[in-house]
Structure formats: structure tokens, C-alpha cells
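Values reported hereafter were calculated over all heavy atoms of this structure, with side chains retained and with hydrogens, waters and symmetry mates removed. Everything numeric here is computed off the predicted structure, so don't read it as measured data. In what follows, chains carry the letters A, B, and so on, assigned in the order in which the sequence lines appear, proteins first and then strands, with residues in each chain numbered from 1.
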Amino acid sequence: MLMSKLVVKTLREAPSDAEAISHQLLVRGGYIRRLASGIYSFLPLGLRVLRKVEAIVREEFDAVGAQELFLPALHPVEIWQETNRINTMDDVLMKVEVRGSDFVLGPTHEEAVIATVAPDLASYRDLPATVYQIQTKFRAEARPRFGLLRTREFIMADAYSFDADKEGMRTTYKTLFDAYCAIFDRIGVEYFPVEADAGSIGGDVNHEFMVPAAIGEDHFAYCKSCGYAANIEAAVRGERGYEVTEAVKEMTKVETPNSSTIKAVVDYLNSHGYVASAETSLKAMICLDNSGAYHLLLVPGDRKVRIPSGLRAAETTDFDANPNLHLGYIGPVGMGDVGITIWVDRSVGEEIGYCTGANEAGYHLLNVLLGRDYIADHIADLVEVVAGDPCPRCEGEIELVRSVEAGHTFQLGLTYSNKIKSARFSGEDGSEAPYYMGCYGIGISRIPALVAEVSHDGNGLIWPVELSPFEVVVVALGYGSNDLVTDAADRIYYNLIDEEFDVLLDDRNIAAGVKLKDADLIGISYQVVVGARGVADGNVEVKDRSSGEATVVAIDQVGEYLINLLA
RNA sequence: CGGGGAGUGGCGCAGCGGCAGCGCACCUGGUUUGGGACCAGGGGGUCGGGGGUUCAAAUCCCCCCUCCCCGACCA
């Protein structure tokens, strides 16, 4: 490809709306252009990178026997009604109405893939099977941002596995998990498969593939000593002992006017002759389950609550509907008697008296003791981990790593098969059984941004050669005006094409500085710099964009040199 | 959805009642060619949209739209 013909125009300055470095560099380098908020076009350079990501994914999926198919982006609303995700995923669904019929623009394809392949997987003889597709997905993001990292329209590769039983599903999951590792190894970024929360997809065992990056919106808990890695939504902390200094006194009720937050209560009590702290207060949070029953979660007052799956935080109307709830003064004492399920965080001491709400506006209780003053229905991990918490697997300490989610693999089990009538096959004995499923998604269009985010310098992008839009660019300084340079550059260019390199020739008749700046900005892995001063001696320079190292190579040996380099 | 900020040529910005400008990019000619070079000439904008005030509005007022940032559960 000739640079003079390539549809690209680099920018000296990034648009003012670009905040993330990947966004700035991809726009400046002429890879992508914004069409609307969270909606991006891929220009020729950008599409080349995207195609390389796709190629890696295809190769690794194909290698484990997954078969590519292609599902529609536009789904009839009925399949989303069957799983009720038309309601549970309402906040992210884009819906369209066409001539009186309702459709959903697919944010994910569990329903669609089952509807598509179930007839082909009618017998146990047809299982196991794994299919995948590379598709554009749509999500009504609350706030698109960071260029390609959080968009409303994006490209994703998603695989779906179908097994006859749980054991088969686990085997398949392991295979796909390994394929994911192979994909990320080839992409060349540091990544961590972390234990994660299933979210709206549902299911049991699942892993997120996280790439550490400063711009990341997610955090995962990580233990250096044992390698424990879990998303903040799923991470738990280890047991920590505590010292019992004195026996817990009698529970007492005290007046705490206008103190509806932990901080206000602690401040009020401390300034009125009591001893109080956030750690020895219990934060109370009201949640509801799917049946509408109320649950009370209790955690130490200095910690953030992590709501267990299956529960949702109560809304104002839920409070209004239950006369036992006094906002700001909720506590566990007596709650069991009014039918509220009590959950207590594992770290709440059974020999420590806590300060809690008295379930009466303006009053709190002191020295509230678990087991004596109230009974826990569930003891569970209810707090979000923070850096410095003990590791749940070893003696180490948890740290939090800021990162971006690049992929997510799930053992779905029967989550969808139980909801969708057609998701069944005939077993050996003739009886019908639901599929054990898995799903595996990777954010194809997010990968270029992710790589750009972690691989760049002050001059521009630095592509690993597996993703580079071209493997090598011939930067001909003086092309079109200096015959020696022009001839040498042409010779090298055609030679590299013969050697089957993916090569770009910068044949533009413009100032040398512009070409060198553009080459660095665009970030192609290898640059062959052809200039008057080297060509006179029969030499050019081959520069590694990543290390910045330049090697003088004879014009006739550039092909051979690069073959060795890329081998 | 709540709070803040911003919309002037493809990009970055100035102008803030009196003829719509600058840098980059683009076009023509010339000089250049190892780090976004220079000279001369040129094209391109309903100043986000609508309404109002005024002799006169990019500029002041009102409404709407778009874009960016922060937040969106702990009672």
C-alpha cells in the first residue's frame, strides 16, 4: 500500500473531547473517527488492526473446534420476552419498532443462538458443540466514554457451548478458557483471568479477563503471594481475628436526633459522653429479593456493602411500603419478628457490642450483641474488599488493581436452557434434557484501544507486530525528489511485497520531519528509513518502533533482515 | 437521571453589540527533504437550532439540541 493513496490524515492535535490516551492517539493517527457519542467509524488503518484481532480470535477458536456462524443483530422481541431479559436488561437494551413489530438490537446473543442452533443439536449425539460469531452489539450505555473503551455500538466475538451434562460443560469451559489465554498471549498485553460476578448474564463459575490500565473503570483484588485474583464485585476477604477486651454490657437505647448516617451518629455520640466509632457501628442496608421479601444487611460501619446476587437495594417506594423501616435508624433488633431476613457480614464479632439503629426515629442502640440481642439468618461476605484486607486463600494481603475488562467467560449451566423451551435435546434413553451451556465473550473493538492504552510513548502508538496495521513501513525521505532514495525505496518496497510482508510505503513528496513524525504516531512495528545520507553508501536504517533501536542494513538485505526479526 | 462545563471552516482556538478571524489541514506555484520546513497566492463557515431584544446579534435574553467531565446504593 502506498501512503499517498491510503485514506488517512493524521492530526497534530486531538479533538478536545478525547480524554483517554488511546482515544487521542487512535484519532490523531487516523484509525477511528467519531460519528456520534459512543459511536465510531473505523478508517482503513483502524480496520486493519481490527481484522488482525479478529484473525487471532478466529484461529484460536477454530483450533479448539468452535465453529463460526453469524447471528442477526436485530432480534424479535419475543425471544427476549421468553427469558424475561426484556425487563431485567431493560436499562441497556436498544429497542426499535418496525411497521408495528418490536425488535431488540442485540447486546448479547444467548437467546438468538439457542433459537438458531437448537434444531441442529437435537440429540445427545450432536453434543458437545461450540459455535461462535463476530458481531456488532448494541448497549444503551448510561455514559459512553474513553473512545473505543465504552461505546454504544461495539464489535464482540462470542462463543456459545452446548453440553449434555455438567461435567461436559466444565471440560468445554476449560478448553475455551485456555483458548482465551492463547488469544491474550498473542495480543501481547498483560492480563489476569479473575473470578467474577455473573451479573445479568447469569450462571455460576465465570472469569473476567482483565487488563491492568490506568484508565480502567474496574478494579480487581489481587494477592501477590498466592495469585488469588477476583473482581471487586466477587472478591472476599480472609478472616481476621479480633481482641476481646471486656465483656459486652447491657444493650441500651440512646437518643440520637438528626443522626441518620454512620458519621453523624458517631460524631453525635462522641460529643455527648459516649464512645463510638464507625468500626463498632453496624451499617444497615435494606434489600429486596425477587419475591419482594425484605432483607437487612449488616456490615461494620466503616465498610462498603457488597450486595449478594439475588438481592437489590430498596428504593424509596419500598421504604414507604414497610412501616417497620425508619430511614436512618434501621437496626437488627426486633427485625426478625417482623419477617425481615437478617444477613450479617462474616467479620462482625460475636463478642463485640455494636451501635445500631433502634428502628425508631431519633434513637440508636448501644452494645448490640449478635446472638444475644438478635439472630442472624445468614452469615456471609457482605463487604467490598479494600487494599490491605487479608487474602482469603493465604496469609497474604489483597491489593486492588485498576483494569479494563477485555473478555468474560461463563459456565451458564441451565440458566437459559431452563427458560427457553427449545433448549433441549434427546438423551440416550429417549428423555428430554436441557443443554448445559457456556458463553465466552471478547471485546474485539475494545482490544485496539486497550493495546493503545498500555503501548504508546510520547510520539505515538506502538503496535505489537501481531496487531500492527502493516508489519513494516518504508519511510522514504525525499521520495519523488531524490532519485537515489526513490529507487532504493521502490526496490525495498517491492522486495518486501515479494517476501509477503504487509508493507506500507510512505511515497509522499513532503518534508522528512512530517514522515518521521507520522511513522511514529501511526506506530507500525518496524520502520525502514530510507534517506539520502545512507543510500549513498547503499544502506538504510531499520527501526524497531517499540525499542527505538535503529540498525543500519544494506539495501539488498532488508528483506532477509526482517524475515529473521519476525521469525 | 442529577450536578458542572462547552458548542465559531475537517481539527485546535480567538473574537463577546458595528464587514467572521488565527494556527494546523486543504488547493495552486515555487524553494525545501533525517524530526510536524519556508515563501507567495487561494478555496471553504446558515458562528449548534429556534424564538426574542436592538437601527444593528457569533456577541444580550428565553427555549431546545448536541458534546465533554463528575456523580448516580450504604438508610
On RNA chain B, more 5' by nearest nucleotide between A:Tyr329 and A:Ala142 is A:Ala142

Pairing partner of B:A37, by Watson-Crick or G-U wobble and under 3.5 Å for both distances, is B:U31

**Asked** Mind checking whether A:Tyr40 and A:His23 have ring centres under 6.0 Å apart?
**Response** yes

Does A:His408 have its ring centroid less than 6.0 Å away from the ring centroid of A:Phe410? yes

The side chain to side chain donor-acceptor pair (under 3.5 Å) partners of A:Asn359 (sequence neighbours excluded) come to none

In this structure, CZ of A:Arg152 is separated from CD1 of A:Ile39 (nearest 0.5 Å) by 4.5 Å

Practice task
Looking at every strand, decide which applies to A:Arg145 at a 4.0 Å heavy-atom threshold: base, sugar-phosphate, or nothing.
Solution key: sugar-phosphate

* To do: Please evaluate the base of B:G36 for a donor-acceptor partner in the side chain of A:Arg28 within a cut-off of under 3.5 Å?
  => yes

Q. Does A:Ser37 have a side-chain nitrogen or oxygen under 4.0 Å from the phosphate oxygens OP1 or OP2 of B:C68?
A. yes

By the 4.0 Å heavy-atom rule, please label A:Leu325 as base, sugar-phosphate, or nothing. nothing

To the nearest angstrom, the CG-C1' distance between A:Asp345 and B:C74 comes to 13 Å

pair_partner(B:G2), Watson-Crick or wobble, both distances < 3.5 Å, evaluates to B:C70

- prompt: How is A:Asn459 classified with respect to the nucleic acid when contacts are heavy atoms under 4.0 Å: base, sugar-phosphate, or nothing?
  reply: nothing

From OH of A:Tyr479 across to P of B:U32 the rounded distance in Å is 21 Å

- Would you indicate what A:Lys9 reaches in the nucleic acid, counting non-hydrogen atoms under 4.0 angstrom: base, sugar-phosphate, or nothing? sugar-phosphate

Partner of B:G9 under the Watson-Crick or G-U wobble criteria, both distances under 3.5 Å, comes out as none

Pick base, sugar-phosphate or nothing for A:Gly328, based on heavy-atom distances below 4.0 Å to the nucleic acid. sugar-phosphate

| Counting any heavy atom closer than 4.0 Å, what does A:Lys543 reach on the DNA or RNA strands: base, sugar-phosphate only, or nothing? | base

Whole-Å distance, A:Arg303 CZ to B:A75 P, equals 15 Å

- prompt: For A:Ile307, which contact category applies under a 4.0 Å heavy-atom criterion: base, sugar-phosphate, or nothing?
  reply: base

Classify A:Val485 by what it touches in the nucleic acid, base, sugar-phosphate, or nothing, heavy-atom distance under 4.0 Å.
nothing

Which is true for A:Ser16 with a 4.0 Å heavy-atom rule: it touches a base, it touches only sugar-phosphate, or it touches nothing?
sugar-phosphate

Notebook entry, point to check: Taking the six-membered ring where the residue is Trp, are the ring centres of A:Trp463 and A:Tyr31 under 6.0 Å apart?
Noted result: yes

When we call it a touch if two heavy atoms are under 4.0 Å apart, what does A:Glu19 touch: a base, just sugar-phosphate, or nothing?
sugar-phosphate

- [ ] Pick base, sugar-phosphate or nothing for A:Asp518, based on heavy-atom distances below 4.0 Å to the nucleic acid.
- [x] base

**OP:** Give A:Arg533 one of three labels, base, sugar-phosphate or nothing, depending on what nucleic acid heavy atoms sit under 4.0 Å from its own.
**Re:** base

- Query: When all nucleic acid strands are considered with a 4.0 Å heavy-atom cut-off, which category describes A:Ala18: base, sugar-phosphate, or nothing?
  - Reply: nothing

Tell me what A:Leu477 touches on the nucleic acid: a base, only sugar-phosphate, or nothing, going by heavy atoms under 4.0 Å. base

